[in-house]
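The figures here come from the full heavy-atom set of this structure, side chains too, leaving out hydrogens, waters and symmetry mates. None of these values were measured; they are calculated from a predicted model. Throughout, numbering of the chain's residues begins at 1 and tracks the sequence.
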Amino acid sequence: MKAAALAALLVVSTICVQAQDKPVNLRFSYWIPPKHQLVPSTQIWGESLTKATNGTVKVTIFPSNQLGKGPDHYDMAKDGIADFVLVNPGYTPGRFPIIAAGELPFLTSSSVTGSPGFDEWYRKYAPKEMKEVYTCITFTHEPGTFHSARKKIEVPEDLKGMKIRTGNATSSRLVGMLGGSSVAVEITEARETLARGIADAVMAPWEVLTLFRMTDVTKFHMENPLYVSMFTWNLNRKTYDSMSPMQKKALDEHCTTAWAKRIATEWAQRDFDAHKQVKAMKDAGRTIYSITPQQVAQWRKAAEPLHKQWAEEVTKAGYNADEVWSELVASLKKHDGLYQ
């Protein structure tokens, strides 16, 4: 009788626990198209989360700006327009000064090793800087470079008078400092700006050339890695708080540095493939080149004021800029992600 009573109690307890795990459908918003690598990677991540929550948490992806434009995605998560979102902090200059450190040129030469360094470092600061939402992971694309329509860009002076599509606020500052003008549009609109002559070049990773059909409007490609843009996955705070303890635990276990590296690695492979594809193109006039160490040194020198500007903004926001920077460098070194 005691055994039967204990078994009955266990059944009742299980039923009660399951009753707490109400079904959750996470609306995950992207501004990128379905064919972008982040979409299938997110599907795999979502399937794993569904399995870990015994089917109680599911993820539905809304790509291609269905729920809102790229620059609006942080506020979409904050306000509950979407549950999960992809955020490029560089789309909203000055709003997130800490994470903007990752946009500084010549910081990392690989998203595969850089992303875990950035993710581990930002976990200390995200709860304050992005306090309205739950930050899941932080990662980057493969380092971007210059892809120009009309001439080689080899030294900082080459940017004078040029119109460059930039992917974040820090890159826009660099272009402006060197006498160029930035064209701030989402990557999905970059091809049109090149085709119409609104932009002369783009700063972007190689993948965008094939994904967004830019190979016919760009002819000169620098091979040297220059910069990355930062990305975060963010969840609406109320959605997270409404989950059961079991669901929260499963989600937390899917929002780790290991997952950040996995997402970045899968995305990086697309970039490697695109790089090879562009290099294999034999069309007339296409030039793929590397700049010399001396020219790299000129770019490093030209970019030095950006670090000072970043430090001033971080200090203004109430942080110790030297401490923030040293922690970032240490984290990148730990994961072999520092620029080489």
Side-chain angles (χ1 to χ4, degrees), residues 70 87-93 96-115 117-119 121-122 138-148 153-156 158-159 162-178 180-187 190 199-209 214 218 220-232 264 267-268 271-272 274-275 289-291 293 295-311 313 325 328-329 331-332 337-340:
V87 171
N88 178 343
Y91 277 174
T92 51
F96 307 108
I98 294 288
I99 200 172
E103 299 172 358
L104 292 168
F106 305 106
L107 190 52
T108 186
S109 50
S110 168
S111 64
V112 177
T113 55
S115 290
F118 286 121
D119 180 87
W121 160 76
Y122 195 55
T138 302
F139 58 98
T140 76
H141 57 52
E142 266 298 282
T145 188
F146 288 111
H147 305 282
S148 175
I153 299 172
E154 296 179 287
V155 294
D158 290 336
L159 292 189
M162 292 191 71
K163 298 168 290 184
I164 313 290
R165 183 273 167 186
T166 55
N168 57 55
T170 305
S171 295
S172 297
R173 284 180 178 178
L174 177 64
V175 169
M177 283 167 37
L178 299 177
S181 56
S182 62
V183 179
V185 297
E186 291 183 42
I187 193 61
D200 302 312
V202 296
M203 294 180 72
W206 291 85
E207 180 210 19
V208 306
L209 301 179
M214 293 189 204
T218 54
F220 302 91
H221 312 277
M222 183 193 291
E223 293 225 66
N224 305 70
L226 296 179
Y227 80 100
V228 295
S229 286
M230 305 297 294
F231 296 92
T232 56
W267 190 5
D271 201 78
F272 302 151
H275 190 183
Y289 61 97
S290 296
I291 59 176
Q295 291 170 328
V296 170
Q298 291 181 49
W299 283 103
R300 283 181 174 274
K301 183 69 174 178
E304 285 179 359
L306 295 174
H307 185 278
K308 181 180 179 181
Q309 293 175 3
W310 168 82
E313 292 182 358
W325 181 255
L328 173 55
V329 171
S331 186
L332 288 172
L338 203 60
Y339 189 90
Q340 299 177 354

If I compare all heavy atoms of P143 with all of V228, which pair ends up nearest, and what's the gap?
CA-CG1, 3.7 Å
Looking only at heavy atoms, what is the nearest atom pair of T113 and G337, with distance?
OG1-CA, 3.4 Å
Look up atom NE2 in H147 and atom CG in L209, then write down how far apart they are to the nearest 0.5 Å.
4.5 Å
Verdict with reasoning, L338 to L107, per side-chain contact (heavy atoms from CB on, under 4.5 Å):
CA-CA 6 Å; L338 203 60; L107 190 52; 4.3 Å; yes
Could you tell me if the side chain of V87 sits less than 4.5 Å from the side chain of P89, heavy atoms only?
yes
Run the side-chain contact (heavy atoms from CB on, under 4.5 Å) test on E154 and Y289 for me, step by step, so that the C-alpha distance in whole Å, both residues' side-chain angles and the decisive distance to 0.1 Å come before the verdict.
CA-CA 9 Å; E154 296 179 287; Y289 61 97; 3.9 Å; yes
Any chance you could measure S290, atom OG, to M222, atom CE, to the nearest 0.5 Å?
9.0 Å
One should read off an interatomic distance between N88 CG and M230 CE, to the nearest 0.5 angstrom, of 9.5 Å
Inter-residue atom distance Q295.CD - I153.CD1, 0.5 Å rounding:
12.5 Å
Output yes when a side-chain donor or acceptor of E186 lies under 3.5 Å from a complementary backbone atom of G70, and no otherwise.
yes
Please enumerate all residues that pass side chain to side chain donor-acceptor pair (under 3.5 Å) together with T138, with sequence neighbours excluded.
none
Heavy-atom nearest pair, G167 first then S229, reads O-OG, 3.7 Å
CG/D271 to OG/S111 distance, rounded to the nearest 0.5 angstrom?
7.5 Å
Which pair of heavy atoms, one from A101 and one from L328, lies closest together, and at what distance?
CB-CD2, 3.8 Å
Could you grab the distance from atom CE of M177 to atom OG of S172, nearest 0.5 Å is fine?
12.0 Å
Taking the side chain from T145 and the backbone from N224, do they hold a donor-acceptor pair closer than 3.5 Å?
yes
Between S171 and T166, is any side-chain donor less than 3.5 angstrom from a side-chain acceptor?
no
Test side-chain contact (heavy atoms from CB on, under 4.5 Å) applied to I291 and Q298, step by step:
CA-CA 10 Å; I291 59 176; Q298 291 181 49; over 6 Å; no
Using every non-hydrogen atom in the two residues, find where T170 and A100 come nearest and quote the distance to one decimal.
OG1-O, 4.1 Å
Which pair of heavy atoms, one from L174 and one from A302, lies closest together, and at what distance?
CD1-O, 4.3 Å
Please determine which of Y339, F146, Y227 meets the ring-ring contact (aromatic ring centres under 6.0 Å, His included) test together with W299.
F146
Worked verdict on W267 versus E207 for side chain to side chain donor-acceptor pair (under 3.5 Å)
CA-CA 9 Å; W267 190 5; E207 180 210 19; 2.7 Å; yes
Looking at A184, is its backbone amide N or carbonyl O close enough to the side chain of Y91 to form a donor-acceptor pair, meaning the two atoms are under 3.5 Å apart?
no
Parallel, tilted or perpendicular for F118 and W121, by the 30°/60° rule?
perpendicular
As a quick check of understanding, evaluate side-chain contact (heavy atoms from CB on, under 4.5 Å) for I187 and R165, giving each step before the final call.
CA-CA 9 Å; I187 193 61; R165 183 273 167 186; 3.6 Å; yes
May I ask you to decide if the ring planes of H275 and W206 are parallel, tilted or perpendicular, using 30° and 60° as cut-offs?
parallel
Could you check if a side-chain atom of S110 sits within less than 4.5 angstrom of a side-chain atom of E142, using non-hydrogen atoms only?
yes
Taking the side chain as C-beta and beyond, is there a heavy-atom pair between H141 and V208 under 4.5 Å?
no
